[in-house]
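As structure tokens, the structure follows; a few thoughts come after it.
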Number of protein chains: 2
Amino acid sequence: MVTIESSIKVRLVKIGELAKLTGCSVQSIRHYEKEKLLATLRRSDGNFRLYDSATVDQLKFIKHCRSLDLSLAEIRQLIALNQQPGMGCEDVNRMIDSHIEQVALRINELQDLQDKLMALRTSCASQSTVKECGILQTLSVSRK
Amino acid sequence: MVTIESSIKVRLVKIGELAKLTGCSVQSIRHYEKEKLLATLRRSDGNFRLYDSATVDQLKFIKHCRSLDLSLAEIRQLIALNQQPGMGCEDVNRMIDSHIEQVALRINELQDLQDKLMALRTSCASQSTVKECGILQTLSVSRK
DNA sequence: CTTAAACTCTATGGTAACTATAGAGTCAAG
DNA sequence: CTTGACTCTATAGTTACCATAGAGTTTAAG
Ligand SMILES: [Zn+2]
Ligand SMILES: [Zn+2]
Ligand SMILES: [Zn+2]
Ligand SMILES: [Zn+2]
């Protein structure tokens with residue numbers, strides 16, 4: 001923790017403490033900076049990154065988005081939108097809708113996969129040899 | 001297509017035709033070779049890869065496995081097992097079981113995600129501005 | 001004041017399973 | 001024998017990081 005004198009006193013934290021405050025890793029934070037999701041406004045004399053509490057909140061926002069599996073590109077877009085408070089939010093809605101759709105698609109794919117895997121699994125009688133293993137035999141036959 | 005004279009005549013295909021026969025991309029095939037899943041037994045005088053029908057089958061096996069989302073490492077293991085016909089096939093069963101479990105876990109994760117996304121989506125009244133968008137507001141609040 | 005632990009810096013390489021180039025060489029038909 | 005289609009190797013890019021190396025900084029204790 002570092003306290004800097006200017007017109008106001010601001011509590012600044014180094015990257016390790018920011019990581020603890022938000023539950024992000026230090027590498028992630030540097031990565032977000034490289035990807036322009038998070039700015040480092042100050043550096044110490046020795047070139048250490050210093051963050052204020054607004055940045056802590058910004059990173060929490062990012063983390064929240066990531067927990068919903070939004071991509072860094074999508075988060076970047078949300079941040080940009082957030083800076084246009086007067087605009088309509090249809091783009092936000094569209095993004096979330098499309099995300100929901102992607103997730104639904106993926107769930108369906110995986111469910112199909114699961115069904116196929118279960119079917120495959122039943123083709124082996126547990127006490128079999130490799131030569132007679134129904135799983136390997138099934139895998140060797142191509143499907144249409 | 002190339003026909004080579006040895007003790008037997010063998011029909012050999014180049015990589016492009018192998019790709020068509022199996023539905024794999026040419027790059028995938030070369031990638032599988034680099035990853036030791038598929039051997040190139042012959043080359044033309046000009047160094048083109050030439051494949052026989054056994055290799056076509058081998059690639060179909062790989063493709064079938066990939067359609068079940070088995071990793072290349074797992075497929076490599078299955079191929080190795082296939083070459084030990086006398087052994088018990090418990091390892092095969094274990095691999096499929098563990099795969100099924102992974103897929104189930106992933107489905108659950110995605111379902112959780114889906115629920116959160118739907119809840120988030122309801123927080124926006126469609127005709128809103130960015131400043132008042134419930135989605136952005138929700139994302140700005142960290143959860144415990 | 002000095003030293004050592006703990007922290008941070010940049011840069012680089014790795015992950016998985018490919019896709020997409022670039023630039024050069026090969027093959028098959030006309 | 002030319003030309004277009006094909007193939008070759010090598011390299012970079014994809015995604016969101018993690019891991020490491022080697023160097024410098026900070027801070028607390030001695
Ligand atoms: Zn998305
Ligand atoms: Zn079996
Ligand atoms: Zn697996
Ligand atoms: Zn909205």
Side-chain angles (χ1 to χ4, degrees), chain A residues 1-4 12-38 40-51 55 59 61-79 99 102-103 106 109 113, chain B residues 1-4 12-38 40-51 55 59 61-79 99 102-103 106 109 113:
Chain A
M1 199 255 287
V2 176
T3 321
I4 282 193
L12 297 175
V13 297
K14 287 188 290 188
I15 199 168
E17 193 171 347
L18 178 60
K20 267 179 207 150
L21 286 171
T22 57
C24 294
S25 77
V26 166
Q27 296 103 310
S28 297
I29 296 170
R30 288 197 279 240
H31 183 63
Y32 295 154
E33 178 180 333
K34 198 177 304 174
E35 295 293 322
K36 316 275 184 204
L37 296 182
L38 200 65
T40 295
L41 300 173
R42 280 177 222 251
R43 295 274 187 146
S44 74
D45 292 344
N47 202 36
F48 284 14
R49 290 171 179 83
L50 299 176
Y51 300 101
T55 309
L59 182 51
F61 174 84
I62 294 171
K63 205 194 176 199
H64 195 165
C65 291
R66 287 295 298 140
S67 80
L68 297 172
D69 217 33
L70 294 168
S71 69
L72 300 193
E74 286 167 328
I75 297 171
R76 196 181 298 119
Q77 209 182 323
L78 284 179
I79 291 170
H99 212 73
Q102 299 304 310
V103 173
R106 187 69 187 136
E109 281 175 16
L113 193 59
Chain B
M1 198 256 286
V2 175
T3 321
I4 280 192
L12 297 174
V13 297
K14 288 189 288 188
I15 198 167
E17 193 172 347
L18 178 60
K20 268 177 206 150
L21 287 171
T22 57
C24 294
S25 78
V26 166
Q27 297 101 310
S28 296
I29 296 169
R30 289 197 277 243
H31 183 62
Y32 295 155
E33 177 179 335
K34 197 176 304 176
E35 295 292 322
K36 315 276 186 203
L37 295 181
L38 201 64
T40 295
L41 301 172
R42 281 175 220 253
R43 295 275 186 145
S44 74
D45 292 344
N47 202 34
F48 283 16
R49 291 171 177 83
L50 299 175
Y51 299 100
T55 309
L59 182 51
F61 173 84
I62 293 171
K63 204 192 177 199
H64 195 166
C65 291
R66 286 294 299 140
S67 79
L68 297 172
D69 216 33
L70 293 169
S71 69
L72 300 194
E74 286 167 327
I75 298 171
R76 196 181 297 118
Q77 207 181 325
L78 284 179
I79 291 170
H99 212 73
Q102 300 303 311
V103 173
R106 187 71 187 133
E109 281 174 16
L113 194 60

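Model, not experiment: these values are computed from the prediction. We name chains A, B, ... by the order of the sequence lines, and we start the count at 1 in each one.
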Gap between atoms CG and P, on A:Asp45 and D:dT26 respectively (whole Å): 6 Å
Pair B:Glu17 + B:Lys20: basic N to acidic O under 4.0 Å: no
Minimal non-hydrogen separation, B:Ile79 against B:Leu37, with atom names: CD1-O, 3.7 Å
Steps toward side chain to side chain contact (heavy atoms under 4.5 Å, CB included) verdict (B:Arg43, B:Leu50): CA-CA 5 Å; B:Arg43 295 275 186 145; B:Leu50 299 175; 5.9 Å; no
For B:Val26 against B:Gly16, the heavy-atom pair lying closest together: CG2-CA, 4.2 Å
Spacing of A:Asp69 atom CG and B:Leu113 atom CG [to the nearest 0.5 Å]: 5.5 Å
Protein-nucleotide distance (A:Lys14, atom NZ; D:dG24, atom C1'), rounded to Å: 13 Å
Footprint string (nucleotides 9-14 of chain C, 5' to 3'): B base within contact, S backbone only, - free, heavy atoms under 4.0 Å: SB----
Estimated bend of the helix from C:dC1-D:dG30 to C:dG30-D:dC1 (axis per five terminal pairs, rounded to 10 degrees): 30°
Qualifying residues under side-chain contact (heavy atoms from CB on, under 4.5 Å), relative to B:Glu74, sequence neighbours excluded: B:Leu70, B:Ser71, B:Met95, B:His99
All side-chain contact (heavy atoms from CB on, under 4.5 Å) counterparts of A:Ser28, not counting sequence neighbours: A:Ser25, A:Tyr32
Side-chain N,O (B:Ser44) to OP1/OP2 (C:dC27) below 4.0 Å: yes
Nearest atoms (heavy-atom pairs only) where B:Lys14 meets B:Tyr51: C-CD1, 4.3 Å
Rounded distance in Å - CD1 (B:Ile75) to C1' (C:dC18): 13 Å
Between protein and nucleotides 12-17 of chain D, what N or O pairs are separated by less than 3.5 Å?
{"unit_1": "D:dA16", "atom_1": "OP1", "unit_2": "A:Leu72", "atom_2": "N", "d": "3.3"}
{"unit_1": "D:dC17", "atom_1": "OP2", "unit_2": "A:Tyr32", "atom_2": "OH", "d": "2.9"}
{"unit_1": "D:dC17", "atom_1": "OP2", "unit_2": "A:Arg66", "atom_2": "NE", "d": "2.8"}

Contact summary for A:Thr22 and A:Lys63, nearest pair of heavy atoms: O-CD, 3.2 Å
Contacts of type salt bridge (Lys or Arg N to Asp or Glu O under 4.0 Å), residue A:Arg30, not counting sequence neighbours: none
